Amino acid sequence: MTNETWGEIRENLIGQVGRNNYVNWIEPLEFSELKDGVARFVVPTQFMGSWVSQNFGDQILKTLKGNGEAVKRIEFTVPKTVNGKAHRMANGKAAPAKAKAAAPAEIDDLPGAPLDARFTFSSFVVGKPNELAHAAAKRVGQGGPVTFNPLFLYGGVGLGKTHLMHAIAWELKTSSPELRVVYLSAEQFMYRFVQALREKEMIGFKQLFRSVDVLMVDDVQFIAGKDATQEEFFHTFNALVDQNKQIILSADRAPTEIMGIEDRIVSRMQSGLVVDLHPTNYELRLGILQQKVEQYSEQFRDLEISEGVLEFLAHRISSNVRVLEGALMRLFAFGSLVGREITLELTQDCLADVLRASERKITVEEIQRKVSDHYNIRLSDLIGPKRVRTFARPRQIAMYLSKQLTSRSLPEIGRRFGGRDHTTVMHGVRRIDELKDKDSQIAEDLELLRRSLEG
Ligand code: ADP
Ligand code: MG
């Protein structure tokens, strides 16, 4: 394929993406090469690469294939450089086109995956939920004598495990370019392993993996149930630990909770430091959003964001950081296309689907638990028949919050409070509604409870 043929092929996309999108996102793509099934395009900015990849990647790929091009994947390269290195994006992930340039000592073919140029310590926002994981990663990133081996990071999707691992790798590559740092996913490890088996290159495979100084394997839960891979992983692991080489692992859950991994491997994985990344809280999410705005401010210089928009997003999108970032990117793109200030209203319009999907359903039971914890009373007393103030007031607060934060009707709420009548619930809700304007302690309690319930 040449840039010319691309010029013809891309026109097929007008019908699929619409004229506006075509002009804004497809036309500016400059085809650079097609090699080994990877079609590369040059884009003016990293943001644009991510955006096009996320939103139109599949369509572009399909269209190329439909026109008989032998393409399996597309990648976007940004000419602008970070530390003199171009970075490349595939499916929304940015990575240095030549990760190896960071470590000129790496002339031989290390088995790692490319690192994402954006995933550094300086772009990682630290908050309560991730401070331990961050501190541990920082420590390992400093290099020096191995203190805990392996470092095992775990936590839910999109909480920053991969980001931290890449950050460690960048740090080590910068401070000690001679180190052989290898980062790859467990899936890639398995792929490599199976390939080596098939091509009868096991000796080479073993030597290669045993020769690295720092090995990072991401998403190790993937090897659960894959016995031969597990076995090989275990041997690699042991060989490296014996040589006092640092190993860093991640998974979506704690080692003991990964089913289908042999006990001896689990116990090996636990033998260093195990730290978890907790779900984000509001402050962390807001911090991440603010940092992203800062990061993109250069590019969207004319874009204005109304006050309260970031707070709104941090409040409403609590599922995971990836979704949060995606939402912000979309807002930016939308705002810059329509050339309007990003108001709360525009946000709600533009992100209606994301907001709906991430609506967290708070339950009456959850509210009851939180409220009884907060007032230090037993759940049975909160729900039970006793009418003393110490129980009655928290009960009314729980009723009030149930009305405010769930879609339950008054009779339904009454039923969950020991079968009380809906008029009792109504009375309670009204009472708190009045009190919250007069009694600052109650207002404060409500705010605290609401915040902690909304996560
Ligand atoms: P995981 O590997 O845990 O699923 P990632 O490391 O891929 O999650 O993170 C998902 C996205 O969220 C990435 O773009 C990452 O940069 C971002 N992210 C997660 N946590 C943070 C944080 N604390 N600060 C900045 N960005 C973050
Ligand atoms: Mg990950």
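The residues of the chain are indexed from 1 along the displayed sequence. Just so you know, ligand 1 is whichever comes first in the structure, and atom 1 is the first atom listed for that ligand. Nothing here was measured: the structure is a model prediction, and the numbers come from that model.
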Original post:
Do F332 and I305 have side chains that get closer than 4.5 Å, going by heavy atoms?
Top reply: yes

Does one side chain, of [X] or [Y], offer a donor that lies under 3.5 Å from an acceptor on the other?
X    : Y    : answer
N12  : Q16  : no
T280 : R285 : yes
S211 : R180 : yes
S123 : Q295 : no

Looking only at distance, does [X] have an N or O less than 3.5 Å from an N or O of ligand 1?
X    : value
H163 : yes
L284 : no
V125 : yes

Taking the basic N atoms (NZ, or NE/NH1/NH2) and the acidic carboxylate oxygens, is any pair closer than 4.0 Å for [X] and [Y]?
X    : Y    : result
D353 : R330 : yes
E325 : K292 : yes
R210 : E232 : yes

Given that the side chain starts at C-beta and the backbone is N, CA, C, O, which of these parts of [X] lies under 4.0 Å from ligand 1, counting heavy atoms, or is it both or neither?
X    : answer
S250 : neither
V126 : neither
T162 : both
E325 : side chain

Element-labelled atoms of ligand 1 that are located less than 4.0 Å from some non-hydrogen atom of [X]:
X    : value
V157 : 4 (O)
I288 : 21 (C), 22 (C), 23 (N), 24 (N)
N130 : 23 (N)

- Any N/O/S atom, backbone or side chain, of T162 lying under 2.8 Å from the Mg ion (ligand 2)? yes

Does ligand 1 have any atom that is closer than 4.0 Å to a heavy atom of G155?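 In this structure, G155 fails to qualify as a contact of ligand 1 - no heavy atom is under 4.0 Å.
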
Give a yes/no on ligand 1: does G156 have at least one heavy atom closer than 4.0 angstrom to it? yes

Between G49 and F76, the two heavy atoms sitting closest are O-CD1, 3.8 Å

